[in-house]
Amino acid sequence: MSFLDYAPAPESTSILALRSDYGLFIDGDFVDGSGTPFASISPATEKQITMISTADASDVDRAVAAARRAYDTTWSTMSGRDRGKYLFRIARLVQERARELAVAESLDNGKPIKESRDVDVPLVAAWFFYYAGWADKLDYAGLGPNPRALGVAAQVIPWNFPLLMLAWKIAPALAAGNTVVLKPAETTSLTALLFAEILQQADLPAGVVNIVTGAGSTGEALVNHPDVNKVAFTGSTAVGRAIARSVAGTDKKVTLELGGKAANIVFDDAPIDQAIEGIVNGIFFNQGHVCCAGSRLLVQENIHDEVVDRLKQRLSTLRLGDPLDKNTDIGAINSREQLDRIRELSDIGEQEGADRWTANCAIPENGFWFAPTIFTNVSTSHRIARDEVFGPVLSVLTFRTPAEAIAKANNTPYGLSAGIWSDKGSRVLAVADKLRAGVIWANTFNRFDPASPFGGFKESGYGREGGRHGLAAYLSPTRTGSASGTDSTSSPDSSSSARKKAAK
Amino acid sequence: MSRLAIPKTYKLYIGGKFPRSESGRVYEVTSADGTFLANAAKASRKDARDAVVAARSAFSGWSGATAYNRGQVLYRIAELLEGRRAQFIAEIIESEGASPADAMAQVDDAIDSWVWYAGWADKYVQATGGANPVSGPYFNISVPEPTGVVAIVAPQGTGQGTGQQAAGSLLGLVNVVAPALVSGNTVVVIANEAAPLAAISLSEVLATSDVPGGVINILTGSPAEMAPWLASHADVNAIDLAGAGALDWVDLQIAAAETLMRVLPPEPGVPAASLDRISFFTETKTVWHTKGLI
């Protein structure tokens, strides 16, 4: 036993009081779904956790109707102050039940408990706390006085940060005065259903938030429902495209937060210890199931060997295993399907000529696991440098000049995030200006905050979540088609009459 | 004996040059009462693609210019337009059948709109971006940046005939082009098909202004023919369907979904000048930087 081997320190699941099956949460109550229920399993053990209902089109219809009713009769007529109070209540309840939520999340999703406990759940509470304060200050959201809610929001979220993505969607929607029908990802519905219990404890009016579980067809029915006014989606670019197509010609407002293939650029003057930690955090945080993961490492050529050696050393110390163990760094891959995809793309990486290195760590017998992996000798045309792997796989490329780094970083249809490591402030700012990505982390990576807008350029989607921008995505100005500041030339008549005098 | 007039050959404006359509095609532009005015170039798919290439090449320079500089360049356009008021008024009277007073008002509004938008170039960032108070030792700032290459279908129609909205062949164009330019986007615009003369004359103003070649590219011809190629072009980042109301614009939006192109739907008449039209063609970039512990 080396100094790196710790005794097991698993978080107890006794804090959970899970039911053997969960219904849909519609109009304030749990109801049975009309589709065939499915099992939710722990990806670390493949053991069943509970049974989850499937909402079919008729269930979605009921949920949207409940949301519409709640919007018309309750939520849109309530004062912003009171809406805010409900959101503050929710934030506090999340804090109170934080440990339970963290355990449930790690059990259901497979992510290490230290991440769900220290990142996901605290951010969930922060998100509700932040947007709670906005609810009675909408006049300052940047859309002019008395901005209006959009109505019913259809929200579809992914499996990588189940409860956090729920918070990103629901908090701003409710603060702005919308009501919500949310569909969690098929493999990670559990914390959304626990959240529904929190809403009951908060005494949130029935129908303001409805949660429908199921697979892709449930989401499709929700997004395409004619009575929703807003569609918010986080997930794959392929599904994002389908949604953009399906809303064409409708009045639905859309925000899409899709895939990424972020460059993490390390210059030779970077603070190397921090950079190594940042690279590890950038791609191995949450098993690499992060849309903004720093999956393409661009290292200045003269420090390539040093960086790669130190990375390998560092990765050799990561502990892979039981997500509920407090010492675990790398948890389970969320599903067999995702594991297959990571394996397939990694095999293609080898076939295309890149050099594969995998950390030597014991893989548990059951469950879905993928050891941290680095590819060197990667060229820009390789699939592992182009496709989103969404797993703990890092592709290393090199550059010589800042211009080359920028060109390579931008050489992707995605544009979600990027990282820069350098001790030279002027270089950091100049490079940040040139990167076509929505979030740039300089000398840090994978930071999230409710006050900070997040979202992509190009095929990483459109719209922002977080901050005032994220709030505005759920509002429309009172005057149609224009924001504040249209006074001077907005009407052809008004200014022309003044001009006629000047005309000869 | 009166002097025999010299008619102008109206051409496309791509990359700062005035090419004819590579297709060799022209179409007849007539006045409101049907009198022949000119043969305008009928741009093809290839012309549209050439225009996108020109716009992409110009993007780095235009978006990289200082906001103050972009503001001055846009203001310069207004100065030059002011000097050519008479020409534009005459063209609008001829091609739209507008009264002299209405034509004058349209030209004046178009010039004022340029001035209004020019003034936004060094202000919209402050109005729509900001510093973010995150929970940690980080400098964190959000700024809007130009989306990239923007394709635009300018407002269509001459106001003549039943159900026709007065699109304002100059004002309609200015109020869709100027807001996209403010933040540093480059533009490929399909002019008013029935009344393209003002657009082509505007390109002459642009060519003698300080706008770098390729920043604004003006195509005349059929929006129905060209818009699908622009909506499905992988190097176009956003499309403004302002004047596409009479086209199969839902199909254009569906085509644009393939590359997650940003789509602004059709609007009747002339779009109002607004900060929204500037913001729509921007992307918010958030930069985090660590703060040291001292």
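Keep in mind the model is a prediction, meaning the values are calculated, not measured. Just so we're on the same page: letters track the sequence lines, and every chain starts at 1.
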task: Compare all side-chain heavy atoms of A/Pro453 with those of B/Asn132 and state whether any distance is below 4.5 angstrom.
output: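 Contact flag for A/Pro453/B/Asn132 side chains = yes.
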
- prompt: Is there side-chain contact between B/Thr286 and A/Phe454, with at least one heavy-atom pair below 4.5 Å?
  reply: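 A side-chain contact is absent here, since even the closest heavy-atom pair is not under 4.5 Å.
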
So what's closer than 4.5 Å to chain B heavy atoms on [X]: side chain, backbone, both or neither?
X: A/Phe448; answer: backbone
X: A/Leu258; answer: side chain
X: A/Val254; answer: neither
X: A/Leu256; answer: side chain
X: A/Ala418; answer: neither

Relative to chain B, which of [options] shows the most heavy atom pairs under 4.5 Å?
options: A/Ala432, A/Ala472, A/Gly466; answer: A/Ala432
options: A/Ala244, A/Gly438, A/Gly467, A/Ser460; answer: A/Gly438
options: A/Gly425, A/Gly461, A/Ser417; answer: A/Gly461

query: What heavy-atom pair brings A/Ser452 and B/Val134 nearest, and what distance separates the two atoms?
result: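 That would be CB-CG1, 3.8 Å.
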
field: Over all atoms of both residues, closest heavy-atom pair of B/Val250 and A/Ala248
entry: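 So the minimum-distance heavy-atom pair works out to CG1-O, 3.8 Å.
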
- request: Quick one: pull up CZ in A/Arg464 and OG in B/Ser142 and give me the separation to the nearest 0.5 Å.
  value: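 The CZ atom of A/Arg464 sits 8.5 Å away from the OG atom of B/Ser142.
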
message: So, taking the atom named CG in B/Asp276 and the one named OG in A/Ser476, what distance separates them when rounded to the nearest 0.5 Å?
response: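 Reported value, rounded in 0.5 Å steps: 10.5 Å.
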
Is [X] in contact with chain A via its backbone, its side chain, both, or neither, using a 4.5 Å heavy-atom distance?
X: B/Tyr138; value: side chain
X: B/Ser63; value: neither
X: B/Thr128; value: backbone
X: B/Ala127; value: backbone
X: B/Pro133; value: both
X: B/Thr284; value: both

task: For B/Trp288 and A/Ile440, run side chain to side chain contact (heavy atoms under 4.5 Å, CB included): C-alpha distance rounded to whole Å, both residues' side-chain angles, the deciding distance at 0.1 Å, then the answer.
output: CA-CA 6 Å; B/Trp288 296 64; A/Ile440 314 272; over 6 Å; no

Would you confirm whether [X], through its side chain, and [Y], through its main-chain N or O, come within 3.5 Å as a donor-acceptor pair?
X: A/Arg241; Y: B/Glu258; result: yes
X: B/Lys285; Y: A/Gly456; result: no
X: A/Asp449; Y: B/Ser135; result: yes
X: A/Arg447; Y: B/Gly136; result: no
X: B/Thr290; Y: A/Thr444; result: no

Are there more than 12 heavy atoms of other residues, nucleotides or ligands under 6.0 Å from atom [atom1] of [X]?
X: A/Lys137; atom1: NZ; value: yes
X: B/Asp251; atom1: CG; value: yes
X: B/Phe280; atom1: CZ; value: yes
X: B/Lys123; atom1: NZ; value: yes

Step-by-step side chain to side chain contact (heavy atoms under 4.5 Å, CB included) determination, A/Lys458 to B/Leu260: CA-CA 7 Å; A/Lys458 301 194 284 185; B/Leu260 278 311; over 6 Å; no

Sidechain N-carboxylate O distance under 4.0 Å for B/Glu283, A/Arg436: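 No, B/Glu283 and A/Arg436 are not salt-bridged.
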
